[in-house]
Amino acid sequence: MDSKKLIVNTLLKVLPDEITEEQVEKLIEKPKTSDLGDYAFPTFILAKSLHKAPNMIAEDLVGQIDPAGFEKVVNTGAYINFFLDKGEFANSVLHDVLKQNEDYGNQNEGNGGNVPIDMSSPNIAKPMSMGHLRSTVIGNSIAKIEKKLGYQPIKINHLGDWGTQFGKLIVGYKMWGSEEEVEADPINNLLKYYVRFHKEAEEKPELDDEARAWFKKMEDGDEEALKLWTWFKELSLKEFNRIYSRLGVEFDHFTGESFYNDKMDEIVDILEQKNLLVESRGAEIVDLSEYDLSPALIKKTDGATLYITRDLAAAKYRKDTFDFVKSLYVVGSEQSEHFKKLKIVLKKMGYDWSDDIHHIEFGLITTGGKKLSTRKGNVILLENVLQDAVELAKKQINEKNPNLKNKDDVAEAVGVGAVVFHDLKNERRDSFDFNLEEVVRFEGETGPYVQYTNARALSILRKAGNIEFDANDALNLDDPEAWDTIKLLQSFPSVIARAGRIYEPSVIAKYSLKLAKSFNQYYAHSKILAEDEGLKARLAVVKSVSIVLQESLALLGVKAPEEM
RNA sequence: GUCGCAGUGGCUCAGUUGGAUAGAGCAACGGUCUUCUAAACCGUAGGUCGUGAGUUCGAAUCUCACCUGCGACACCA
């Protein structure tokens with residue numbers, strides 16, 4: 001049953017011959033509100049050829065249209081509005097959802113193709129900030145969406161585990177730190193040394209020389225330097241993993257920057273072979289002036305490699321290892337030029353697959369309108385935010401549902417869910433100013449609102465005795481109160497496809513809010529558990545809504561508690 | 001300065017491919033729990049869609065110019 005096809009065919013019978021099927025299909029739109037109809041055809045384009053006013057045309061055509069298969073077909077102004085047969089449509093949609101359950105909306109666009117996703121990528125020895133949250137949850141959600149579309153996502157945590165900052169850290173640690181202090185609270189204390197280093201280096205530039213020397217030792221394989229580095233890294237990973245497990249995020253690989261240390265010579269060799277490398281101001285670069293871009297710096301004056309060199313190595317490694325169909329990088333939009341350069345250089349190297357690399361950029365989180373800076377110690381610690389959110393959730397539970405079991409688990413799911421959902425709700429390119437009250441809000445367009453809606457739906461199903469559905473059930477619900485909800489259920493697969501096409505978790509988040517809202521309206525206006533012949537169909541709506549809400553939340557990486 | 005992104009009610013944002021009176025949520029005000037979880041629902045109020053031109057039967061949406069904000073612009077990542 002394809003209702004759009006039915007409309008196209010119905011229209012073609014009465015439209016002038018010069019209008020093609022493709023044109024009709026393209027012109028059909030969905031009215032803003034259901035009271036105008038379910039589909040509409042605007043007649044403006046016919047005005048010229050028919051020499052008539054559009055609303056007259058609409059009126060004439062409606063007179064000729066065969067309304068078989070529709071509830072009704074009417075004209076409103078210049079539009080021909082189609083009202084679908086609600087009962088039949090509902091029956092079909094509800095059976096689809098109930099039968100496929102959590103597989104509803106699955107698609108095979110990807111055909112199992114590998115999609116490495118570079119995400120999260122925090123820096124060792126620095127705390128995870130709200131900025132890392134963005135990369136982590138956006139990447140995680142995109143991975144789930146890709147999976148649902150039939151791709152094989154490979155989540156890669158490209159840890160910032162190499163570079164001069166470790167020289168600084170070692171200097172700071174040796175000057176002001178101790179083993180006991182670090183073990184007691186690793187990240188905060190390491191951060192303390194790092195911040196202090198930057199403060200003191202302003203007065204004493206010789207500290208920077210010392211830091212560079214220590215990093216050089218790391219690169220040369222110095223035992224003490226590497227021992228400290230490994231230690232910092234282990235401690236950091238332990239803390240990161242604690243946060244990842246709270247967020248429910250798992251990685252397939254933790255191949256950070258240091259992983260590519262031995263893979264960069266090859267890149268430099270290839271660049272040399274292809275005559276792409278030129279010397280400029282003592283550094284080795286790839287000239288990109290033909291693209292109006294500053295050059296790609298491959299090697300510094302001192303011979304050390306740079307960011308893009310490493311990323312070239314990583315890109316090639318990923319192609320060689322995973323033979324990806326596309327390769328995604330969930331990285332802030334301030335690095336968009338870097339990825340533009342990366343793709344161009346790869347292309348110049350002769351790798352056509354550079355077209356399959358996509359920078360999934362996202363906007364900055366600021367405080368007071370300013371960019372956060374770890375160096376200045378002005379960061380919003382993710383863990384504090386999660387903690388505040390969970391505590392607030394706990395408070396709400398004690399007020400609203402004091403007899404709830406598993407209070408702590410639910411508070412965790414709701415608090416963390418609120419933070420994650422808030423981050424995914426808006427288009428990822430939007431930057432926003434951090435505001436704790438807004439992030440941990442539980443009312444209105446929030447994660448907890450969606451969770452709550454699902455919990456209420458599940459509660460009804462429990463009260464109904466967890467009814468089983470089968471293919472013979474007549475689910476021909478034609479209640480106008482449920483109509484928007486049913487249409488939304490039907491659109492879920494196309495919503496997922498769109499979210500995947502533009503790499504936008506917010507599309508799913510917005511959809512889940514819409515579905516929750518429409519279900520809450522239905523819930524408020526209709527008695528679902530009334531003992532009459534429509535009971536089973538109503539319960540089918542409730543069950544379908546809970547299936548789709550849970551799947552939507554799952555795609556966002558947000559938990560769906562059964563009660564709250 | 002150059003390039004990129006953005007500008008929609010007091011605040012935060014929706015608005016596939018141009019289409020019917022520009023939609024939500026917060027905040028404000030007023031209603032709704034003897035009935036399925038009131039983290040909900042209903043209503044009231046609030047908008048020159050940054051500004052000015054242009055394209056079009058039709059523009060928040062497309063084009064151009066300008067204004068404002070943010071970001072990036074060679075040895076950090």
Side-chain angles (χ1 to χ4, degrees), chain A residues 26-27 29-33 36 40 42 44-45 47-48 53-54 76-79 81 121 123 158 160 162-165 257 280-285 292-302 304-308 310-311 331-338 340 361 363-364 366 369-371 375 393 396-397 399-401 404 414 418 422 425-427 429-433 435 437-438 441-446 448-453 455-464 494 498 501-502 506-507 510 513-514 516-517 520-530 538 542 563-564:
Chain A
K26 216 173 160 223
L27 282 166
E29 56 186 81
K30 289 188 180 176
K32 275 179 220 150
T33 55
L36 283 166
F44 303 101
I45 48 138
K48 251 183 200 156
T76 313
Y79 291 83
N81 292 334
S121 312
N123 292 320
H158 191 73
W162 203 252
T164 24
Q165 75 263 28
E257 290 169 9
S280 168
R281 302 183 210 169
E284 306 256 7
I285 65 158
D292 275 330
L293 289 169
S294 57
L297 266 95
I298 304 298
K299 276 189 167 183
K300 297 201 269 192
T301 321
D302 66 3
T305 54
L306 281 140
Y307 182 35
I308 196 159
R310 208 169 287 272
D311 259 5
V331 178
S333 49
E334 70 271 20
Q335 289 187 42
S336 61
E337 198 157 307
H338 165 74
K340 210 186 275 176
E361 55 185 329
L364 234 48
T366 55
K370 279 194 222 109
K371 195 177 167 179
R375 282 197 300 266
Q396 295 258 342
I397 290 168
E399 278 170 25
K400 295 172 196 279
N401 199 351
L404 183 67
V414 171
H422 176 267
K425 181 176 69 163
N426 294 131
E427 278 182 41
R429 276 185 192 81
D430 288 355
S431 45
F432 65 89
D433 206 61
N435 176 335
E437 280 158 46
E438 214 159 281
R441 182 162 277 159
F442 299 153
E443 284 157 21
E445 296 174 327
T446 64
Y449 173 81
V450 180
Q451 292 173 320
Y452 176 70
T453 309
R456 292 216 296 187
L458 292 179
S459 172
I460 291 181
L461 295 171
R462 272 194 305 274
K463 289 224 157 82
S494 69
R498 178 159 174 255
R501 190 166 61 243
I502 59 178
S506 69
V507 169
K510 298 241 175 61
L513 287 169
K514 253 206 261 180
K517 184 167 176 71
N520 277 326
Q521 287 168 334
Y522 177 53
Y523 179 101
H525 297 298
S526 307
K527 177 77 184 168
I528 289 159
L529 288 176
R538 289 195 300 273
V542 178
E563 293 179 62
M564 62 186 271

Every protein N/O lying under 3.5 Å from an N/O of nucleotides 14-17 of chain B:
from: B:A14; atom 1: OP1; to: A:D430; atom 2: OD2; distance (Å): 2.8
from: B:G15; atom 1: OP2; to: A:E427; atom 2: OE2; distance (Å): 3.2
from: B:U16; atom 1: O2; to: A:R498; atom 2: NE; distance (Å): 2.8

Please write out each protein N/O paired with an N/O of nucleotides 54-59 of chain B under 3.5 Å, distance rounded to 0.1 Å.
from: B:C57; atom 1: OP1; to: A:K48; atom 2: NZ; distance (Å): 2.9

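If you check every strand for non-hydrogen atoms under 4.0 Å, A:A283 touches a base. If you check every strand for non-hydrogen atoms under 4.0 Å, A:K425 touches nothing. At a threshold of 4.0 angstrom between heavy atoms, the contacts of A:S333 with the nucleic acid are absent. The residue A:T164 sits apart from the nucleic acid: no heavy atom pair falls under 4.0 Å. Within 4.0 Å of A:R281, counting heavy atoms only, lies at least one base atom of the nucleic acid. At the heavy-atom level, A:A78 lies nowhere under 4.0 Å from the strands shown. Nucleic acid contact for A:P295: base, since at least one base atom lies under 4.0 Å from a heavy atom of the residue.
Taking atom CZ on A:F432 and atom P on B:C5, their separation rounds to 21 Å, with Å as the unit. The distance between atom CG of A:L513 and atom P of B:U12, rounded to the nearest whole Å, is 19 Å. Separating the CD1 atom of A:I308 from the P atom of B:C76 is a distance of 14 Å, rounded to the nearest angstrom. Distance NZ (A:K514) to C1' (B:G23): 10 Å, rounded to an integer number of Å. Summarising the geometry, the separation between CG on A:L293 and P on B:G4 is reported as 11 Å, rounded to the nearest angstrom. The distance between atom CD of A:E337 and atom C1' of B:A74, rounded to the nearest whole Å, is 11 Å. If you measure from atom CD of A:E334 to atom C1' of B:A6, you get 15 Å, rounded to the nearest angstrom. Going from atom CD of A:Q335 over to atom P of B:G71 covers 15 Å, rounded to whole Å.
A 4.5 Å side-chain heavy-atom check between A:E29 and A:P42 finds at least one atom pair inside the cut-off. With a 4.5 Å cut-off on side-chain heavy atoms, A:R310 and A:W162 count as touching. By the 4.5 Å heavy-atom criterion applied to side chains, A:L513 and A:K425 are counted as neighbours. Side chains of A:T453 and A:Y523 form no contact here, defined as non-hydrogen atoms less than 4.5 Å apart. Residues A:E361 and A:R429 meet the side-chain proximity criterion, which asks for heavy atoms closer than 4.5 Å.
Residue order along RNA chain B, read from the 5' end via each residue's closest nucleotide, puts A:H422 first among A:P42 and A:H422. Sequence order on RNA chain B of the closest nucleotides to A:E438 and A:D302 puts A:E438 first from the 5' end.
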request  = Tell me, with the steps shown, if A:D433 and A:T366 meet side chain to side chain donor-acceptor pair (under 3.5 Å).
outcome  = CA-CA 5 Å; A:D433 206 61; A:T366 55; 2.6 Å; yes

request  = I would like to know whether A:I308 and A:L297 meet side chain to side chain contact (heavy atoms under 4.5 Å, CB included); could you show each step before the answer?
outcome  = CA-CA 7 Å; A:I308 196 159; A:L297 266 95; 5.5 Å; no

key: Verdict with supporting geometry, A:F432 and A:H422, side chain to side chain contact (heavy atoms under 4.5 Å, CB included)   = CA-CA 11 Å; A:F432 65 89; A:H422 176 267; 3.6 Å; yes

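A:K510 NZ to A:E445 CD: the interatomic distance, rounded to the nearest 0.5 Å, is 9.0 Å.
Between the C1' atoms of B:A39 and B:U48, the separation comes to 38 Å (whole Å). Here the separation of B:G58 from B:A40, taken at their C1' atoms, is 40 Å to the nearest Å. Of the P atoms belonging to B:G25 and B:U44, the separation is 12 Å, rounded to the nearest Å. Here, B:A77 and B:A72 have their C1' atoms 14 Å apart, quoted to the whole Å. Taking atom C1' in both B:A60 and B:G7, one finds a spacing of 11 Å when rounded to whole Å. A gap of 48 Å separates the P atoms of B:C73 and B:C29, to the nearest Å. Annotation: B:C13 and B:A53 have their C1' atoms spaced 29 Å apart (nearest Å). As rounded to the nearest Å, B:U61 and B:A14 have C1' atoms that lie 13 Å from one another.
Few gaps surround CD on A:E399; more than 12 heavy atoms of other groups in view lie less than 6.0 Å from it.
Panel note: side chain A:N401, backbone A:I397; no donor-acceptor pair is recorded below 3.5 Å. A:S280 contributes no side-chain N or O that, together with a main-chain N or O of A:A283, makes up a donor-acceptor pair within less than 3.5 Å. The backbone N or O of A:A455 sits nowhere less than 3.5 Å from a side-chain atom of A:S459 that would complete a donor-acceptor pair.
Not a single ring pair (Phe, Tyr, Trp, His ring centres under 6.0 Å) links A:Y452 to another residue, sequence neighbours left out. Legend: residues meeting ring pair (Phe, Tyr, Trp, His ring centres under 6.0 Å) with A:F44, ordered by chain and number and at least two apart, are A:Y79.
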remark   = The contact string for nucleotides 34-40 of chain B, one letter per nucleotide 5' to 3', using protein heavy atoms under 4.0 Å with B, S and - for base, sugar-phosphate only and none, comes out as -SBBSBS

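OP1 or OP2 of B:G4 has not a single side-chain nitrogen or oxygen of A:K340 nearer than 4.0 Å.
Comparing B:A72, B:A74, B:C13 by their closest approach to the side chain of A:I285 singles out B:A74.
Syn is the classification of B:C33, since its glycosidic angle stays within 90° of 0.
Using bins of under 30°, 30° to 60° and over 60° for the plane-to-plane angle, the ring pair A:H338/A:Y307 lands in the parallel bin.
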message = Pairs counted only when both distances fall under 3.5 Å, Watson-Crick or G-U: show me the 5' to 3' dot-bracket for RNA chain B, [ ] for pseudoknotted crossings and | for other-strand partners.
response = (((((((..((((.........)))).(((((.......))))).....(((((.......))))))))))))....

